[in-house]
Amino acid sequence: MDDLRRRFEALDWIETPYQWPDIEARVRRENRTVRSPGLHGPLLGLATAAAVLVSAVGFAAGQWLPGLSAALRWAFGGAGYPRPVTPDDVSVLATAVAGTAGASVLAAAGAAFVWRWMSRSLRSRRSMIEVRGGGMQTMSETAEEHISGEVARTNRWRRLSMVVLLAAIVAAGTWLLVDNLVKSDIEALIEDYGTAWETNDPALLRSVVTDDYTLRDLRDGTDITLEGIDTELGLYEVYGFTMEARGELIVNGTMASQSQTVSFRTDTFEGFSVFEIEDGKISRHVLVFVERP
Amino acid sequence: MENDSATSAVSVALGSPPRVGFAGAAAATRTDLEAVYRRHGPRLWRAVYAYAQDRDIADDAVAEAFAQALRRGKAIRSPDRWVWKAAFRIAAGRLKESRRGLPMIDAPLVRNPEPAWELIAALHELPERTRRCLVLHYYGGYRTDEIARMLGSTPGGVRMQLTRGRRRLRQLLAGGDGHG
């Protein structure tokens, strides 16, 4: 064995470079690329956590879409999603605001996330250390193929982030669209209902109300309730009225409400109607008197 | 690359290779690590060079191993052993990535070419794993169980590599058929 040991000692004749300055330069270079502790990361985490929390609250309270829609309406105009039935209700308003805030903060967090990946891509061009398979590997500045590989990996993450964000936007847009189409159905239903009363069209009225449909008339301290479609049809021509919308139709779940001018054959008043929707038909209509013009 | 005459021109005395060790190894401050480098860096560089047979890889592996040790600081209990292990792993990774044949030794690097040239040329003919075992054992002074831990192998596997490597290396050195 000693013969080989002596053979290997011949390696001691090989001159070696003095690398300590290079070693220290590598450490300094790495330190420059390591981000100093700052508030950016914690703030981003806090914002994301807050966004998830308020979004969850908004979603759980059923006001996520109104909040998101309000943000879109503010940004792009248009009808957007209908406002809550009871806008003065603080809890409803609060959840709507939470939904809006959640959507906004989530969008900001997404943008910050993409920006962070882009920044890391730029930094990775300067200095990178790759740890692989439990071993350590260095990547010298001249190893362009390594840099290309790292940049490709970064781009892959950036593309993935963009796809996820795009999918979220498309999903939210689809959700809004579907929800607005549902709202349009209810609007059409109420319009057909008004037309049926206005034109004295029993067939049309039957098509838009349920069999156990009730009409409750609260006017001047009176409280008249007509129960069943056949009861209404018996008084149809006598009781006929027209409804002229004075405000936006407000839909919340199975309830709809609208401020109206209601004209009977012998009377006209301003008030509002509350409709209860069941299986796509009106099951209950309450006429509430406010004042005579 | 700078050469330091204090470290590069001095060859280690003949005889049994020094077992690398570092007194008070619990603390790897910059000064401590620089002392480790001055004491063991040249030998480590030569070992990596004999294994990888590429000056760039040896430069990079040794410098990066010490740089990583410096970054880890006191987390490393035995810096001398750690840099040997790290440097060989880095060099192995670089060799694997390069996927090219070993280059021939750069002649001007050798002050007294004859014995070193013969050894390097003979090692050139051996498989990579066998070459690494031989260098770590005969030049690094590591035992078979220590080499096994470094390579993620078993002592038996390392002994087998050493047995084959010794036989082949002796043939190459005796026959002079190891020159590329």
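The analysis underlying the following values was restricted to heavy atoms, covering all of them including side chains, and did not include hydrogens, waters or symmetry mates. Each chain gets a letter, A, B and so on, in the order its sequence line appears, and its residues count up from 1.
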Within the 4.5 Å heavy-atom criterion, are [X] and [Y] side-chain neighbours or not?
X	Y	value
A/Tyr18	B/Arg38	yes
A/Arg26	B/Gln68	no
B/Leu169	A/Phe8	yes
B/Arg43	A/Asp12	yes
B/Tyr49	A/Thr16	no
A/Trp20	B/Leu33	yes
A/Glu15	B/Arg46	no
B/Phe66	A/Gln19	no

For this session: Please lay out, stage by stage, how B/Val62 and A/Ile23 fare under the test side chain to side chain contact (heavy atoms under 4.5 Å, CB included).
Result: CA-CA 9 Å; B/Val62 174; A/Ile23 292 165; 5.5 Å; no
Taking all heavy atoms of [X] and all of [Y], pick out the closest pair and write down the distance.
X	Y	result
B/Ala50	A/Leu11	CB-CD1, 3.7 Å
A/Ala10	B/Ala116	O-CB, 3.7 Å
A/Asp22	B/Ala63	OD2-CB, 3.4 Å
A/Arg7	B/Glu118	NH1-OE1, 2.9 Å
A/Pro17	B/Tyr37	O-OH, 3.3 Å

For this session: Would you give the length of the straight line joining atom CG of B/Leu119 to atom CD1 of A/Ile14, rounded to the nearest 0.5 angstrom?
Result: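 That separation rounds to 8.0 Å.
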